[in-house]
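Here is the structure we will look at.
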Amino acid sequence: QVQLVESGGGLVQPGGSLRLACAASGFTSDYEATGWFRQAPGKEREGVSCIDIGTGTTYYADAVKGRFVISRDNTQRTVYLQMNSLKPEDTANYYCAAARTPCTVVYGSRSLFYGMDSWGEGTLVTVSS
C-alpha cells in the first residue's frame, strides 16, 4: 500500500484561498489516481476531485468546479488541491486517497470517485469570518 499525508488545512475567511497537499510514500508506482474527498460534521463523505497521475486528466464535483484546481508533481509524489473563492459550505475535513486504477467516476453518486484503497488521516478546512 501507499501512505498518504495531507497538509495545508486551516482557517480562512469566505472568498479566501488555501492549497492542500497530499504527499505519498511507499509503493507509489502501483497507483494511478489520487482523489480528494471531504466530510462535514453530520454529513456523508463526498468526492471533490480526482486526477489521473499518468495523464494528468482531472475531474471535479459540480460544487467545486471553477473554484478548485487539482494538480500533481510526480517528482515530489505530491498532489495538490488549490481551493479558491472558498465558501462556508466548503468547511470540512479533507482527505486524499489513492487508487490502483485511473479515476473511476460515478456521476450522480455522492462519493463520485471509486476504487480508492489507501486513505490519509485528513486535514481540517474551516471557512468562516
Side-chain angles (χ1 to χ4, degrees):
Q1 276 193 333
V2 66
Q3 290 76 47
L4 303 172
V5 178
E6 304 94 337
S7 62
L11 173 64
V12 63
Q13 292 187 340
S17 298
L18 279 177
R19 188 176 80 157
L20 305 183
C22 173
S25 61
F27 295 99
T28 57
S29 61
D30 293 344
Y31 287 79
E32 297 192 28
T34 300
W36 283 97
F37 298 78
R38 66 186 182 185
Q39 187 166 19
K43 294 189 176 181
E44 295 180 9
R45 187 175 63 200
E46 62 179 359
V48 175
S49 183
C50 189
I51 185 167
D52 289 332
I53 299 302
T55 65
T57 304
T58 59
Y59 305 87
Y60 297 95
D62 287 345
V64 306
K65 200 171 293 182
R67 299 188 297 124
F68 291 11
V69 178
I70 191 171
S71 62
R72 91 277 195 217
D73 182 338
N74 288 344
T75 60
Q76 298 294 325
R77 297 190 289 182
T78 300
V79 170
Y80 300 96
L81 185 69
Q82 178 68 42
M83 305 187 296
N84 302 317
S85 302
L86 283 162
K87 306 174 182 180
E89 51 263 43
D90 294 318
T91 295
N93 272 305
Y94 283 72
Y95 302 87
C96 67
R100 300 174 195 261
T101 59
C103 296
T104 302
V105 187
V106 179
Y107 294 102
S109 70
R110 189 167 185 86
S111 187
L112 197 56
F113 308 112
Y114 288 79
M116 307 295 171
D117 65 7
S118 292
W119 292 82
E121 294 294 318
T123 185
L124 179 63
V125 171
T126 303
V127 184
S128 175
S129 55

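All figures in this text were calculated on a predicted structure; none of them were measured in a lab. Residue numbers start at 1 and run along the sequence shown.
- The main-chain N or O of Pro102 is found under 3.5 Å from a side-chain atom of Thr104 such that the two form a donor-acceptor pair.
- Minimum interatomic distance between Val2 and Ala24 (heavy atoms only, all atoms of both residues): CG2-CB, 3.9 Å.
- Between Val69 and Tyr60 the shortest heavy-atom distance is CA-OH, 3.4 Å.
- Side chains of Phe37 and Trp119 form a contact here, defined as non-hydrogen atoms less than 4.5 Å apart.
- Contact detail for Gln1 and Gln3: the closest heavy-atom pair is O-NE2, 3.5 Å.
- To the nearest 0.5 Å, the span separating CG on Asp30 from CZ on Arg100 amounts to 5.5 Å.
- With Val125 as reference, Leu20 is the one residue of Leu11, Leu20, Thr91 to meet the side chain to side chain contact (heavy atoms under 4.5 Å, CB included) rule.
- Here the CG atom belonging to Asn84 is positioned 11.5 Å from the CZ atom belonging to Arg19, to the nearest 0.5 angstrom.
- With values rounded to the nearest 0.5 angstrom, Ile53 atom CD1 is found 9.5 Å from Glu32 atom CD.
- To the nearest 0.5 angstrom, Thr101 atom OG1 is 7.5 Å from Met116 atom CE.
- Residues Leu18 and Gly8 approach most closely at CD2-O, 3.8 Å, considering heavy atoms.
- More than 12 heavy atoms of other residues, nucleotides or ligands sit less than 6.0 Å from atom CD of Glu89.
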Please evaluate residues Lys87 and Asp90 with respect to the criterion salt bridge (Lys or Arg N to Asp or Glu O under 4.0 Å), reporting the C-alpha separation (whole Å), side-chain torsions for both, the decisive distance (0.1 Å), and the verdict. CA-CA 5 Å; Lys87 306 174 182 180; Asp90 294 318; over 6 Å; no
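- In terms of heavy-atom proximity, Ser17 sits nearest to Gln82 at CB-NE2, 3.9 Å.
- Asp117 places a side-chain heavy atom less than 4.5 Å from the side chain of Tyr31.
- Closest approach of Ser129 to Pro14, counting heavy atoms only: N-CD, 3.7 Å.
- Side chains of Val48 and Phe113 form no contact here, defined as non-hydrogen atoms less than 4.5 Å apart.
- In this structure the side chain of Lys65 never reaches within 4.5 angstrom of the side chain of Tyr59, judged on heavy atoms.
- Looking at Val64 and Arg38, their side chains come closer than 4.5 Å, going by heavy atoms from C-beta outward.
- Taking 4.5 Å as the limit, some side-chain heavy atom of Val79 sits within range of a side-chain heavy atom of Arg72.
- The distance from the OG atom of Ser109 to the CD atom of Glu46 is 10.5 Å, given to the nearest 0.5 Å.
- Taking the side chain as every heavy atom from C-beta outward, Thr34 and Tyr80 never approach each other to under 4.5 Å.
- Considering CG of Leu4 and SG of Cys22, their distance stands at 4.5 Å, rounded to 0.5 Å.
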Take Phe68 and Ile70, measure what side-chain contact (heavy atoms from CB on, under 4.5 Å) needs, and give me the verdict at the end. CA-CA 7 Å; Phe68 291 11; Ile70 191 171; over 6 Å; no
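- Partner Cys103 forms a side chain to side chain contact (heavy atoms under 4.5 Å, CB included) with one of Thr57, Asp52, Thr58, Thr55 and no other, that one being Asp52.
- When side chains are defined from C-beta on, Glu6 counts as touching Trp36, because their heavy atoms get closer than 4.5 Å.
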